[in-house]
Amino acid sequence: MSVMVITGGSRGIGRAVVLGAAARGWDVVFSYVSNSDAAAATAAEAKALGVRCKVLQGDARDEAHLAALFDLGASIGTVDKCVINAGVVDVQATLADMTADRIQRVIDINVVGALLTAREAARRMPKSKGGAGGSIVLLSSAAARLGGANNFVDYGAAKGAMDTLARGLSDEISGDGVRVNAVRPGIIDTEIHADAGLPDRVAEIGHLQPMGRAGTAEETAEAILWLLSNASSYSTGTHLDVSGGR
Ligand code: NAP
């Protein structure tokens with residue numbers, strides 16, 4: 001059976017991907033770091049759609065946890081889909097005002113965590129490594145293009161790395177059966193904005209987007225699910241904007 005592994009599946013965009021995958025009949029293994037109530041609720045919703053769904057608490061920076069996450073996937077089927085979704089922002093600040101600890105944390109979770117997750121996928125999914133091939137999707141951001149000035153350029157720089165990783169890893173393993181792409185969401189209505197100290201961000205700037213509104217987690221998930229599916233079979237090394245024209 002086809003299994004999708006996703007980091008950060010408890011809430012937001014990750015949750016929408018988990019439920020969209022379940023609706024397509026794909027078994028799911030997902031991680032979360034601290035919100036066990038949300039993780040349990042998402043897993044229950046996925047199972048109610050008739051698939052198997054396993055959950056593992058752990059930090060995306062922890063390589064042993066990531067190996068265990070993929071092992072859990074392998075224990076229920078063939079991992080042929082991977083979504084590298086876990087990500088964080090810190091509070092709104094200019095670069096001049098950021099501490100080294102904050103920059104380190106943002107880069108560690110968003111970049112090192114993504115690289116370690118992608119490495120685990122690249123060790124297992126390619127056909128030459130005994131895998132079935134498949135598709136990897138990285139969560140980048142419109143901030144990778146726009147920079148995130150006066151809000152979080154550390155995050156923007158981290159997401160720029162996701163665009164580069166999608167291209168570089170695609171060149172490494174697309175000929176070995178694994179496509180690798182990035183999705184760049186714009187302003188999406190999730191709890192991540194509250195983590196930046198901007199709980200009203202969607203209401204405040206959603207209407208300023210070219211389409212006149214923020215996006216939903218489900219709209220973002222649809223793009224990710226398409227890139228995971230065979231419907232996108234000739235797309236690799238690309239960056240798909242899901243940003244309402246921004
Ligand atoms: P969210 O609602 O804040 O959810 C974040 C998810 O990541 C949660 O499942 C969280 O687990 C998990 N997570 C956070 N830190 C983790 C860590 N160190 N290790 C493992 N899991 C961790 O975020 P979102 O808005 O859905 O964002 C998902 C992805 O899309 C991120 O990469 C984000 O940068 C990107 N993105 C979002 C937007 C937007 O406007 N929302 C725009 C562009 C890009 P817990 O529930 O346990 O905390």
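For clarity, every value in this text was computed on a predicted model and none was experimentally measured. For the numbers below, each heavy atom of this structure counts, side chains included, while hydrogens, waters and symmetry mates do not. Counting convention: from 1, in listed order, for ligands and their atoms alike.
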What about [X]: any of its N or O atoms under 3.5 Å from an N or O on ligand 1?
X      : value
Asn35  : yes
Leu139 : no
Tyr155 : yes
Gly8   : yes
Asn85  : yes
Tyr32  : no
Ile187 : no

Residue-level breakdown please: for [X] versus ligand 1, do any non-hydrogen atoms fall below 4.0 Å on the side chain, on the backbone, on both, or on neither?
X      : answer
Ile192 : both
His193 : side chain
Val33  : both
Lys159 : side chain
Ser140 : backbone

Donor-acceptor check, side chain of [X] to backbone of [Y], threshold 3.5 angstrom: yes or no?
X      : Y      : answer
Asn35  : Ala38  : yes
Ser174 : Asp171 : no
Arg24  : Gly20  : yes
Asp176 : Ser128 : yes
Asp97  : Ala93  : no

Atoms of ligand 1 less than 4.0 Å from [X] heavy atoms?
X      : result
Gly186 : 38 (C), 39 (C), 40 (O), 42 (C), 43 (C)
Ile13  : 26 (O), 30 (O), 37 (C)
Gly58  : 19 (N), 20 (C)
Ser10  : 8 (C), 9 (O), 11 (O), 45 (P), 46 (O), 47 (O)

Subject >> Nearest atoms (heavy-atom pairs only) where Arg61 meets Asp108 >> reply: CG-O, 3.5 Å

Original post:
Do you know the tightest heavy-atom contact between Asn110 and Met162?
Top reply: O-CE, 3.4 Å

Under 3.5 Å, is there a donor on one side chain and an acceptor on the other for [X] and [Y]?
X      : Y      : answer
Asn150 : Thr94  : no
Asn85  : Thr7   : no
Ser140 : Asp163 : yes
Thr238 : Asn181 : yes

Original post:
Which option, Ser243, Ala214, Ala86, owns the non-hydrogen atom nearest atom 21 (N) of ligand 1?
Top reply: Ala86

Which residue and non-hydrogen atom of the protein lie closest to [atom], and at what distance in Å?
atom                    : result
atom 15 (N) of ligand 1 : Val88 CG1, 3.6 Å
atom 19 (N) of ligand 1 : Ala60 N, 2.8 Å
atom 25 (O) of ligand 1 : Thr190 OG1, 2.5 Å
atom 18 (N) of ligand 1 : Asp59 OD1, 3.2 Å
atom 10 (C) of ligand 1 : Arg11 NH2, 3.8 Å
atom 40 (O) of ligand 1 : Ile188 N, 2.9 Å

Original post:
Quick check: are there more than 12 heavy atoms from other residues, nucleotides or ligands sitting under 6.0 Å from CZ of Arg201?
Top reply: yes

**OP:** Taking only Lys NZ, Arg NE, NH1 and NH2, and the carboxylate oxygens of Asp or Glu, determine whether Arg145 and Asp241 approach each other closer than 4.0 Å.
**Re:** yes

Original post:
Can a non-hydrogen atom of Ser34 be found less than 4.0 Å from any atom of ligand 1?
Top reply: yes

Original post:
Which one of Asp71, Thr78, Asp80 satisfies the side-chain hydrogen bond (donor to acceptor under 3.5 Å, both in side chains) criterion with Arg124?
Top reply: Asp71

